[in-house]
Student: 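The structure that follows is given in the form of structure tokens.
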Amino acid sequence: MKSLWIAEVHGGGLDGKEVLLRGWIHRTRGSKSIRFVVLRDSTGTVQCVLKRAVIGDDNFEEISAALIESSVELSGQVIPTDREHGYEIMVKDVKIVGPVNPQRPFPITESAMKQADGGETEFLLDNRHLYLRTGRMTKMLKIRSTIFGAVHSYFRDRDFTEYQAPNFVAGAVEGGSTLFEVPYFGKKAYLTQSWQLYAEAAMPALERLYTLAPSFRAEKSRTRRHLTEFWHAEMEIAWADNEDVMSHGEGLVRHIARTLLEQRSEELESLGRDINTIQKYAESHYPRIRYDDAVEMLQSKGVEIEWGQDLDFSKEKILTEDFEVPHFLTHYPKVAKPFYHRQDPEDPKYVLCHDLLAPEGYGEIIGGGERTWSESEILQRIDEEGTPREPYEFYIDIRRYGGVPHGGFGLGVDRVCAWLAGADHIRETIPFPRDSRRVTP
Ligand code: 4AD
Ligand code: MG
């Protein structure tokens, strides 16, 4: 017999039918003659009723002794109930596939969490490999998978080519302070902070390109929105200005929200997300304001900020209070941004760039803009920053041979996932979060 998903059982239409299910024991209780096992698979849970008189003494003793998270195969009849979940299984046969050793019962329990020395959070991170199978993580990982799919479909449906850049690189994109250095056969290499510079090299070949790949930042402080290894959706497009790039950023985020509504409403709701909120993100236009206006807004709220400073998380958080939907901040001061951002020809104090800030206090989810695309300007910007030219010779060459206006952005996928799923912390969204203190398990 072919096994069914638990969700198929709850889908209805199987009353009285005989089914085979495979899964893990989520909960178990009972007496000397009857046992109730809540079985879990990747699609949900179902209560299974096992009677000694039906399954026989041997089977009954075995299932009664089986601990939580043992894997089992069972077959039986689908019976409608009047309870919330609709159906249960009257089991006829059962087989324990992977038993749990009673010497080492499943460690994640309410009382173990409460008693853990380092606190509940560290305990769950230490047991991350086992925590993944809890309902909350399963839902989050499905939402995450749908977001990855939406990134691919957005770009592929618009004639973008997926393109891969190296992860070992020789120079910084986003400043030296967050570079991971790795020994490289007697030399130094770095882990990439962004695909961008290598994407620009392929811009004259492909014109519209994107990637979905990990990026690395040696972020020393642990915050709710920083990982040392995060997933980065980036795009680069030829013959484009800041406005063109922003409209793709807005389009992509709306497409992600729409796809989640279509495919993951149930998971979002069960994580406590209000679907109407996501609807708003899927349908609204995202306003654009200039950096200078943001500084004024902050100053009018009594926040201390000097013109020229980049906006840190605390300031972004305050700014997002005034917006119901994501909004773009454009035209940052040149001094606050790396050399690749193009100077505004109308006022060289500014660069033609943008950040997209997610509401509800989440802050920056996209950084992007127009690139410095002429040879003379890029040399000037690199020298101004005091950056050595040598590691960037390949990058300057892109300008030497038929430079064109172009631009792109990077979207932090884990941040978008945290925001749309309503997570308190970015580490809730990624299977094995990496930060300055943790590379295990
Ligand atoms: O703003 P960033 O640093 O921009 C770049 O890397 C550009 N080179 C991208 C481009 O134009 N192709 O990073 C882009 C986004 C941020 O807005 C944020 O969402 C995410 O990447 N991000 C992080 N996410 C998690 N943990 C971190 N440590 C992150 N650093 C950046
Ligand atoms: Mg940024």
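For ligands, and for the atoms within them, numbers begin at 1 and follow the listed sequence. Index from 1, following the sequence.
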Student: Does Arg290 make a cation-pi contact with Tyr350 (under 6.0 Å, within 45 degrees of the axis)?
Tutor: yes
Student: Which atom pairs, one a donor and one an acceptor, fall under 3.5 Å between side chains of residues 147-154 and the rest of the protein, sequence neighbours left out?
Tutor:
from	atom 1	to	atom 2	distance (Å)
His152	ND1	Tyr210	OH	2.7
Ser153	OG	Gly149	O	3.4
Ser153	OG	Ala150	O	3.2
Ser153	OG	His255	NE2	2.9
Tyr154	OH	His248	ND1	2.8

Student: Salt bridge between Glu122 and Arg438, side-chain N to carboxylate O under 4.0 Å?
Tutor: yes
Student: Which protein N or O atoms sit under 3.5 Å from any N or O of ligand 1? Give atom names and distances.
Tutor:
from	atom 1	to	atom 2	distance (Å)
ligand 1	1 (O)	Glu364	OE2	2.9
ligand 1	3 (O)	Arg217	NH1	2.9
ligand 1	3 (O)	Arg217	NH2	3.2
ligand 1	6 (O)	Glu174	OE2	3.2
ligand 1	6 (O)	Arg217	NH2	2.9
ligand 1	8 (N)	Glu174	OE2	2.7
ligand 1	8 (N)	Ser194	OG	3.0
ligand 1	8 (N)	Gln196	OE1	2.7
ligand 1	8 (N)	Tyr340	OH	3.4
ligand 1	11 (O)	Gln196	OE1	3.4
ligand 1	11 (O)	Arg371	NH1	3.4
ligand 1	11 (O)	Arg371	NH2	3.0
ligand 1	12 (N)	Glu234	OE1	2.8
ligand 1	12 (N)	Phe409	O	3.4
ligand 1	17 (O)	Glu364	OE2	2.6
ligand 1	17 (O)	Ile366	N	3.4
ligand 1	17 (O)	Gly367	N	3.4
ligand 1	19 (O)	Ile365	O	2.9
ligand 1	19 (O)	Gly412	N	3.2
ligand 1	26 (N)	Leu227	N	3.0
ligand 1	28 (N)	Glu219	OE2	3.1
ligand 1	28 (N)	Leu227	O	2.9

Student: Indicate, with yes or no, if the rings of Phe230 and His232 have centres closer together than 6.0 Å.
Tutor: yes
Student: Any idea how Phe394 and Tyr198 line up, ring-wise: parallel (<30°), tilted (30 to 60°), or perpendicular (>60°)?
Tutor: parallel
Student: Would you say Glu364 has an N, O or S atom lying under 2.8 Å from the Mg ion (ligand 2)?
Tutor: yes
Student: Just checking, Arg29 and Phe36: is the charged tip under 6.0 Å from the six-membered ring centre and within 45° of the axis?
Tutor: yes
